[in-house]
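Reviewing the structure listed below.
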Amino acid sequence: MSDSPVMPDQGTSKSDSSPDAPSGASGEAIRAIPVKHYWRWVGAVIALLLAAVVIRLFVLSPNIDWGAVREFLTVPRIMAGLRLTLIYTVLSMALAVVLAVTMAVMRMSVNPVLSTISWLYIWLFRGTPALLQILFWFNIGLIIPKLWIGIPFTEIYFEADTNRVISTSVAAVLALGVCEGAYLAEIVRAGIQSVEYGQSEAALALGMKRSLAFRRIILPQAMRAIIPPTGNEFIGMLKTTSLVSVIAARELMTEAQNIAAQNFLTIELLIVAASWYLFVTTIMTIGQYYIERYYARGSSNRDLPPTPIQRMRASFRRLLLPAGGSVPSASGRTTS
Amino acid sequence: MSAVSEKPAMNPMVDAQSVHKRFGRLKVLKGITMSVPAGAVVCLIGPSGSGKSTFLRCINHLEKIEAGRLYVDGELVGYREKHGTLYEMKDREVCGKRAEIGMVFQQFNLFPHFTALQNIIESPVRVKRVPKAAAVERARELLEQVGLADKADAYPSQLSGGQQQRVAIARALAMEPKLMLFDEPTSALDPELVGDVLAVMKQLAEQGMTMIVVTHEMGFAREVADAVYFLDGGVIVESGAPAAVLSNPQHERTRSFLSKVL
C-alpha cells in the first residue's frame, strides 16, 4: 500500500477498487461493512465471567442465610429504622437547603460582615468531621445547660433544659443539616455564578427589584447547575444518617446492627440495610432525572434529557448493535 | 447650587449636563452634554470604547455617574435633590424609574427558561401588578406588532437571533415605557436578520417613541434619526442632523471613523 495515491486524480486506480465506490457522487446512501470490534466482545465476556464469579461467591455462599435476609427485610424494627432514616434525610436536607441559599447569597453580598460570616460558617462546618459535629450537637447541653427565650428587661421568658429540647433526633437533624449546608452553599454559589450577568441586568432594566430578579430569573437558571450535585449530596446524606448511630438514634443502620447484636446474623442484616439504602437511592436517582428535565426547559439543547428508562433502552441498543459509530449520538435524542 | 436644580421650561425626555463616569482609573465619560426632546430619535455612533453604551446604561442607572447631572423627564436619575443636597434613591425608587425606561441589549438577554410570551408578561405582572389576563392580551398584541404572533410559546433557544431581539423589544414595550434605549440591537445578528429588527424600530419611531440608539447602522441613523451624536474617547466630538454629521462631517475623527464603517 506504499504506493497508494495521495493526489486526488490519479487516472488509473491501483489495487483496491471496491465495487460500490464509483456511483457515490449522486447522494447514494452509504452501505459499508462495519468494522468488527472483536475485542469488545472479548472484554464483555471476561467482565461477565468475573461478575458471575462474584455473584456465585455471594449468592450461593453457604455462609449467608438468604432466608433470614428475606425475613428481616420487612420486620417492624427495620421499617421503623428506615422511616427514621428517611425523616432525618429529608429534614436535614431541608435545613441544609435553606442554610445553603442564605449563605450563598450572603457570601456574594457586598456587605463585608455578611460575606465574612458566611465564609466562617463554611470554613467551620466543612472543615470538621460530620461525626464530630453530631457528637457536639448531642452534647451541647454541657456548654449551654439551659435554653432561654424572653423579652429583655421584662419578666416574660421561657426557659427549658437544653438536653430536653436537643433530643437525639433534634441533634441528629441539626448536625447533619448544618454540616451539609456548608457543602450545599458552595454548590448554590457556583450555580448562581454560572448564570450570565446579562440576565440580572435585563431583569433590573425591566424594573425588577434584586430580590424578585433573583427569585424569578437567576435562581431558576442556576438550578440547572445546582440540581445534579445536589442529587449527589441528597444520596450522600441518606447514607451519612448512619453516622447518628453514635448518639443512639434508632435509624436503619443502627437498628440493623442492634438486631445483629442479638441474633449474630451480622452479614444478613448488613445486606438488609444495604438493600434498603439501594432501593431509596434508586428512587431518588429517578426523581433527580425528572427534576433535571423540568429545569432543562428552554435550554439550548432543544431535546430534554432522556428518562432513565430511555437511557437504559438506548444503552442496551448500543450494546447489541454492532455498528459502533452512528449509534451513541442517537442515544441521547430519543424522546418518544 | 440652585442653578442646576432649576428644571428646563420644556422638559426634554433626557437631559445630560456634563456627565462624567469612570471605571476605577479609566475615565469613560468625560462630560457628555445632550438634550433629547420627547418623541425624538437619537443615534449614538462611535468606535468601541468611546463610552456610548456606558452613557446609555447611565440613563437608567445601571451605572452610577460621578459628576454632572442627568435628568429623565425632568427628574434626576438615581438621586433626589432637596435644598441643594443630593440624596441617593432607595432601590425601590430606582426600580420604579427603570420600569418607565425600556432597554434592548446587544445580546438580547431574553430569559431562556421562559417562553416568548412569559418573557413579555413577567415584568408587567410582577412589577406593575397588571392582571395576568390583561398582560397576556397585551403581550399577544406586541408579538403581533413585531411580527411574531405565532412564536408566543417558543423558547428563546428555538428562535433566531432576529426573532429573539424582536421579542426583547416587545418585552421592553410591555412596560409601556416613555423612553427606549437600544444598545447595539443589531450587532449580534446575521446580516439578513438585521432588516426585521430595524423595521420594528422604525415603526416604533413613527409611533412617536423617544428612542436613544447606539448603533453602527448608518443607514438607519440617516433615515430615522432626528439627531446623530459621534462619540470618541468619552466626549461628543460632533453632533447634528444625520445628513450633516454623516455626509459632511466637520471633524477629522468623525471622518476617519465614517470612512471605516460606511
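Only heavy atoms go into these numbers, but all of them, side chains included; no hydrogens, no water, no symmetry mates. In what follows, every chain begins at residue 1, and chains take the letters A, B, ... in the order their sequences are listed.
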Report summary line: Scored by heavy-atom pairs under 4.5 Å with chain A, the best of B:A174, B:A154, B:S123, B:A168 is B:S123
Report task. Sort A:I217 into side chain, backbone, both or neither according to what part of it lies under 4.5 angstrom from a heavy atom of chain B. Result -> both
Report task. Under 4.5 Å heavy-atom distance to chain A, tell me which part of B:L62 shows up: side chain, backbone, both or neither. Result -> side chain
**Report entry** Exercise: identify the closest heavy-atom pair between B:N60 and A:A205
**Finding:** ND2-CB, 4.0 Å
Query raised in the report: What do you reckon, is NZ of B:K202 surrounded by more than 12 foreign heavy atoms closer than 6.0 Å?
Result: no
Query raised in the report: Above 12 or not: heavy atoms from other molecules or residues under 6.0 Å from CZ of B:R22?
Result: no
Query raised in the report: How about A:M208 and B:C95: do any of their side-chain heavy atoms sit closer than 4.5 Å?
Result: no
Report task. Apply side chain to side chain contact (heavy atoms under 4.5 Å, CB included) to the pair B:D91 and A:K209, showing each step before the final yes or no. Result -> CA-CA 7 Å; B:D91 264 1; A:K209 280 192 281 182; 5.7 Å; no
Query raised in the report: Of the backbone (N, CA, C, O) and the side chain (C-beta and beyond), which part of B:F108 lies under 4.5 Å from a heavy atom of chain A, both, or neither?
Result: neither
Query - B:N109 (side chain) donor-acceptor with A:G198 (main chain) under 3.5 angstrom - result: yes
Query raised in the report: Given side chains that start at C-beta, do those of A:I218 and B:F111 come closer than 4.5 Å, heavy atoms only?
Result: no
Query raised in the report: Counting heavy atoms not belonging to B:E66, are there more than 12 under 6.0 Å from its CD?
Result: yes
**Report entry** B:E137 atom CD, over 12 foreign heavy atoms within 6.0 Å
**Finding:** no
Requested in this report: Take atom CZ of B:R80 as the centre, draw a 6.0 Å sphere, and report whether it contains more than 12 heavy atoms from other residues, nucleotides or ligands.
Outcome: yes
Query raised in the report: Can you find a heavy atom in the side chain of A:R216 that is under 4.5 Å from one in the side chain of B:R126?
Result: yes
Report task. State, yes or no, whether a side-chain contact exists between B:M175 and A:L206 at a heavy-atom distance under 4.5 Å. Result -> yes
Query raised in the report: What part of B:L110 lies closer than 4.5 angstrom to a heavy atom of chain A: side chain, backbone, both or neither?
Result: backbone
Query - Interchain contact, B:R57 with chain A, by part (heavy-atom threshold 4.5 Å) - result: side chain
Query raised in the report: Taking atom CE of B:M103 and atom CG of A:L204, what is their separation to the nearest 0.5 Å?
Result: 11.0 Å
Query raised in the report: To the nearest 0.5 Å, what is the distance between OH (A:Y197) and CD (B:Q107)?
Result: 15.0 Å
Report task. Determine whether more than 12 heavy atoms belonging to other residues, nucleotides or ligands lie under 6.0 Å from atom CD of A:E196. Result -> no
**Report entry** Flag side-chain contact, heavy atom, 4.5 Å: B:P112 against A:Q199
**Finding:** yes
